[in-house]
Amino acid sequence: QVQLAESGGGSVQAGGSLRLSCVASGSIFGIGAMGWYRQAPGKQRELVAGITSSGSTMYADSVKGRFTISIDNAKNTVYLQMNSLKPEDTAVYYCTAQRGDPPLDAWGQGTLVTVSS
């Protein structure tokens, strides 16, 4: 199975930046897509950004233009560069990976991002 480990969370002021990292290990071959979800207290978990093996990306409207997802295949690592952070970005961010057909999802343990005003 795929194992995911997130890092890079922390506490920043509004307008600041953070870069989250997600390292995939285990059965990494054949991963078709990776992405980031987030969940804030009292809110529904939402897909923030995703990237396919071909390099196609997608973003939630709430983060489009501020966040950038990228992947380093050599390092089996997906990044989420978060700029112009807002307090509403405060959440636990989870890395995901999809492998196989039908895709099976793997989830990381999450990393907390706190943005203060």
Side-chain angles (χ1 to χ4, degrees):
Q1 63 178 4
V2 177
Q3 297 172 327
L4 304 173
E6 305 102 330
S7 63
S11 181
V12 298
Q13 298 261 335
S17 298
L18 284 173
R19 188 180 74 164
L20 306 183
S21 299
C22 174
V23 180
S25 61
S27 301
I28 61 175
F29 300 105
I31 293 177
M34 297 187 70
W36 293 91
Y37 283 77
R38 69 184 182 187
Q39 187 166 30
K43 293 187 176 182
Q44 187 177 11
R45 185 171 60 188
E46 65 173 339
L47 177 63
V48 175
I51 186 167
T52 68
S53 60
S54 65
S56 298
T57 59
M58 61 81 61
Y59 300 92
D61 289 341
S62 59
V63 306
K64 192 173 184 179
R66 299 188 297 118
F67 291 9
T68 303
I69 188 170
S70 61
I71 187 168
D72 186 337
N73 287 307
K75 297 181 179 180
N76 301 318
T77 302
V78 169
Y79 304 94
L80 185 67
Q81 179 66 46
M82 305 184 295
N83 298 326
S84 302
L85 284 163
K86 304 174 180 179
E88 51 263 43
D89 294 319
T90 296
V92 176
Y93 285 72
Y94 297 91
C95 178
T96 66
Q98 295 181 341
R99 182 181 182 273
D101 186 14
L104 298 177
D105 294 342
W107 293 81
Q109 293 299 309
T111 184
L112 177 63
V113 172
T114 302
V115 184
S116 61
S117 60

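Of the inter-residue distances, the one linking Q1 atom CD with S25 atom OG reads 9.5 Å to the nearest 0.5 angstrom. To the nearest 0.5 Å, atom CD1 of residue I71 and atom OG1 of residue T77 are 8.5 Å apart. Residue S117 holds its OG atom at 10.0 Å from CD of E88, rounded to the nearest 0.5 Å. Rounding to the nearest 0.5 Å places CD of E6 at 9.0 Å from OG1 of T96. Taking OG of S17 as the reference point, atom CZ of F67 lies at 9.5 Å (rounded to 0.5 Å).
Contact annotation: the side chain of V78 approaches that of W36 to within less than 4.5 Å [non-hydrogen atoms, C-beta and beyond]. Under the 4.5 Å side-chain criterion, counting only non-hydrogen atoms from C-beta, S62 is in contact with E46. Contact check for M34 versus I69: no side-chain heavy atoms found under the 4.5 Å cut-off. Looking at heavy atoms from C-beta onward, R66 lies out of side-chain contact with Y59 at the 4.5 angstrom threshold. For the pair Y79 and C22, the minimum side-chain heavy-atom distance is 4.5 Å or more. Between R99 and L104, every side-chain heavy-atom pair lies at or beyond the 4.5 Å cut-off. Looking at heavy atoms from C-beta onward, V48 lies in side-chain contact with V63 at the 4.5 angstrom threshold. For the pair L20/M82, a side-chain contact is recorded, criterion being any heavy-atom separation below 4.5 Å from C-beta on.
For V92 against G110, the heavy-atom pair with the smallest separation is CG1-CA, 3.8 Å. Closest heavy-atom contact between A24 and L4: CB-CD2, 3.7 Å. Contact record, I31 with S53: O-CB, 3.9 Å, taken as the closest heavy-atom pair.
Both L80 and V12 belong to a single network of hydrophobic side chains, linked directly or stepwise wherever heavy atoms of I, L, V, M, F, W or Y lie under 4.5 Å apart. L47 and I51 end up in different hydrophobic clusters when Ile, Leu, Val, Met, Phe, Trp and Tyr side chains are linked at under 4.5 Å.
In this structure, W107 and Y37 have tilted ring planes: the angle between them lies in the 30° to 60° band.
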